[in-house]
Amino acid sequence: MAAPSFPNLTVLDHPLIQHKLSILRDKRTSTRDFKQLVGEIATLMAYEVTKDLPTEEVEVETPLETMTGRQVAGKKLTLVPILRAGLGMVDGIAQLIPSARVGHIGLYRDHDTLRPVDYYFKIPGSEVARDFFILDPMLATGGSAVAAASALRGAGARRIRFLCLVAAPEGVRRMLEAHPDIPIYTASLDRELNANGYILPGLGDAGDRLCGTRTL
Ligand code: PRP
Ligand code: URA
C-alpha cells in the first residue's frame with residue numbers, strides 16, 4: 001500500500017539520515033549510541049529544514065579585500081524541545097546554529113488516556129517575533145505536538161515548524177487539522193500506531209531509550 005501523502009509533511013530521505021535512523025531503530029543500539037545518533041540526525045535535518053531561510057548581503061573584509069557575502073536575515077531561531085526526548089535534538093541543531101535560543105515545553109503522555117499532561121513552559125518573553133522549531137523525536141497520536149504548538153501560539157509565536165524523527169500518519173493528520181500552517185519535517189513516515197499508541201515499526205519509547213530508563 002502506498003504511504004499517504006500530507007500537504008504539511010516533508011520526509012527528509014537523505015541517505016545519511018536514513019542510514020542513521022536504521023541504527024537508531026535497532027533495539028540493540030545502546031543508550032550512548034542512541035543519544036549520539038539522535039543528535040547527528042537532528043544536525044542533518046537542520047541543514048535541510050533551514051534551506052529556505054532568507055539571506056541578506058553583508059560586507060566582509062577578507063585579508064585581501066572587501067567583498068559582499070551573505071548572511072541569514074531576520075530574527076534568530078528559537079529551538080523548543082518537548083521534554084524529555086526533544087532535548088536529545090537540541091545540541092545537534094545548535095552545532096549548526098550556535099546563536100539559536102532554547103525554550104522548553106514539558107509534556108508527558110498519560111499512559112492510559114494517551115493525552116498530553118503539561119508540566120513546564122518557558123519561552124523568554126521577548127521571543128515571540130522569532131522563528132520557532134519545536135523538537136520531538138516522536139509524533140504519534142499528535143496530542144503532544146498539538147498541545148506544544150497551541151501553547152507556543154498562545155504565547156504569541158507565529159512562525160513555527162515541527163521537527164521529528166519518526167511520524168505516524170495519525171499524528172500528522174491531527175496536526176493538519178489543528179495547525180494546518182505548521183510544516184512538519186520528519187526522517188520517516190511510519191505505518192501506524194499500535195493499540196498502546198506506539199508507532200509501528202517505530203523505535204520504541206524515545207525518552208526511555210535516550211535517558212536509559214525503562215525499555216519496552
Ligand atoms: C513521547 C514523545 C512525544 C510523545 C508523542 O514522550 O517524546 O513527546 O510521546 O506521543 P503523542 O504524539 O501521542 O503525544 P513521552 O510522553 O513518552 O514523554 P517523555 O519524553 O518524558 O518520556
Ligand atoms: N512516544 C514514543 O516515545 N514512542 C512512540 O512510539 C510513541 C510515543
Side-chain angles (χ1 to χ4, degrees), residues 3-4 6 8-9 11 21-27 29-31 33-35 37-39 41-42 45 79-93 102-123 132-153 160-180 182-216:
F6 296 98
N8 58 338
L9 184 71
V11 179
L21 179 63
S22 295
I23 305 173
L24 194 70
R25 288 184 191 273
D26 191 325
K27 65 181 184 186
T29 296
S30 67
T31 298
D33 290 347
F34 193 90
K35 208 180 292 183
L37 286 160
V38 168
I41 296 171
M45 288 181 74
L79 308 178
V80 186
I82 299 179
L83 308 179
R84 293 174 296 173
L87 283 176
M89 299 171 71
V90 172
D91 287 351
I93 299 178
V102 183
H104 295 87
I105 294 182
L107 288 173
Y108 71 86
R109 199 168 74 142
D110 181 276
H111 279 284
D112 298 321
T113 65
L114 299 185
R115 294 230 178 93
V117 180
D118 62 291
Y119 57 91
Y120 193 72
F121 183 85
K122 186 82 176 175
I123 308 290
F132 291 84
F133 287 5
I134 301 178
L135 312 177
D136 193 327
M138 310 306 278
L139 176 60
T141 66
S144 304
V146 167
S150 299
L152 262 188
R153 282 254 150 90
I160 303 172
R161 301 177 196 208
F162 186 88
L163 279 66
C164 60
L165 305 191
V166 179
E170 292 88 337
V172 179
R173 208 169 286 124
R174 184 123 169 233
M175 277 293 275
L176 185 59
E177 284 160 15
H179 298 290
I182 296 185
I184 299 171
Y185 300 86
T186 188
S188 176
L189 177 63
D190 274 15
R191 195 176 68 245
E192 61 185 343
L193 297 178
N194 71 9
N196 297 320
Y198 279 90
I199 300 175
L200 296 175
L203 51 74
D205 189 308
D208 281 341
R209 293 194 68 185
L210 197 64
C211 299
T213 46
R214 189 172 49 89
T215 51
L216 270 181

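Each ligand, and each atom within it, is numbered from 1 in the order the structure gives.
Using a 4.5 Å heavy-atom cutoff, the side chains of His104 and Tyr120 are in contact. Between Asp118 and Ile105, every side-chain heavy-atom pair lies at or beyond the 4.5 Å cut-off.
At distances below 3.5 Å, at least one donor-acceptor pair connects side-chain atoms of Ser30 with backbone N or O atoms of Asp33. Not one N or O on the side chain of Asp190 forms a donor-acceptor pair closer than 3.5 Å with the backbone of Glu192.
For ligand 2, the 4.0 Å heavy-atom shell contains residues Arg109, Met138, Ala140, Gly197, Tyr198, Ile199, Gly204, Asp205, Ala206.
Screening residues 81-92 for salt bridge (charged side-chain N to carboxylate O under 4.0 Å, His left out) gives Arg84-Asp208 as the qualifying pairs, with residues at least two apart or on separate chains.
No more than 12 heavy atoms of other residues, nucleotides or ligands sit less than 6.0 Å from atom CZ of Arg115.
Judged by the 6.0 Å and 45° rule, Arg25 forms no cation-pi pair with Phe34.
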Tabulate below the donor-acceptor pairs under 3.5 Å that side-chain atoms of residues 137-152 make, not counting sequence neighbours, or state none.
{"residue": "Thr141", "atom": "OG1", "partner": "Gly143", "partner atom": "N", "Å": "3.1"}
{"residue": "Ser150", "atom": "OG", "partner": "Val146", "partner atom": "O", "Å": "2.8"}
{"residue": "Ser150", "atom": "OG", "partner": "His179", "partner atom": "NE2", "Å": "3.1"}

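Taken to the nearest 0.5 Å, the OH atom of Tyr198 stands 11.0 Å off from the CG atom of Leu203.
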As a test of reading the model: which N/O atoms of the protein lie under 3.5 Å from N/O atoms of ligand 1, and at what distance?
{"residue": "ligand 1", "atom": "7 (O)", "partner": "Asp136", "partner atom": "OD1", "Å": "2.8"}
{"residue": "ligand 1", "atom": "8 (O)", "partner": "Asp136", "partner atom": "OD2", "Å": "2.5"}
{"residue": "ligand 1", "atom": "12 (O)", "partner": "Ala140", "partner atom": "N", "Å": "2.9"}
{"residue": "ligand 1", "atom": "12 (O)", "partner": "Thr141", "partner atom": "N", "Å": "3.1"}
{"residue": "ligand 1", "atom": "12 (O)", "partner": "Gly142", "partner atom": "N", "Å": "2.9"}
{"residue": "ligand 1", "atom": "13 (O)", "partner": "Arg109", "partner atom": "NH1", "Å": "2.8"}
{"residue": "ligand 1", "atom": "13 (O)", "partner": "Thr141", "partner atom": "N", "Å": "2.9"}
{"residue": "ligand 1", "atom": "13 (O)", "partner": "Thr141", "partner atom": "OG1", "Å": "2.6"}
{"residue": "ligand 1", "atom": "14 (O)", "partner": "Ser144", "partner atom": "N", "Å": "2.9"}
{"residue": "ligand 1", "atom": "14 (O)", "partner": "Ser144", "partner atom": "OG", "Å": "2.6"}
{"residue": "ligand 1", "atom": "16 (O)", "partner": "Arg109", "partner atom": "N", "Å": "2.7"}
{"residue": "ligand 1", "atom": "20 (O)", "partner": "Arg84", "partner atom": "N", "Å": "3.1"}
{"residue": "ligand 1", "atom": "20 (O)", "partner": "Ala85", "partner atom": "N", "Å": "3.3"}
{"residue": "ligand 1", "atom": "21 (O)", "partner": "Arg84", "partner atom": "N", "Å": "3.3"}
{"residue": "ligand 1", "atom": "21 (O)", "partner": "Arg84", "partner atom": "NE", "Å": "3.1"}
{"residue": "ligand 1", "atom": "22 (O)", "partner": "Arg84", "partner atom": "NE", "Å": "3.3"}
{"residue": "ligand 1", "atom": "22 (O)", "partner": "Arg84", "partner atom": "NH2", "Å": "2.8"}

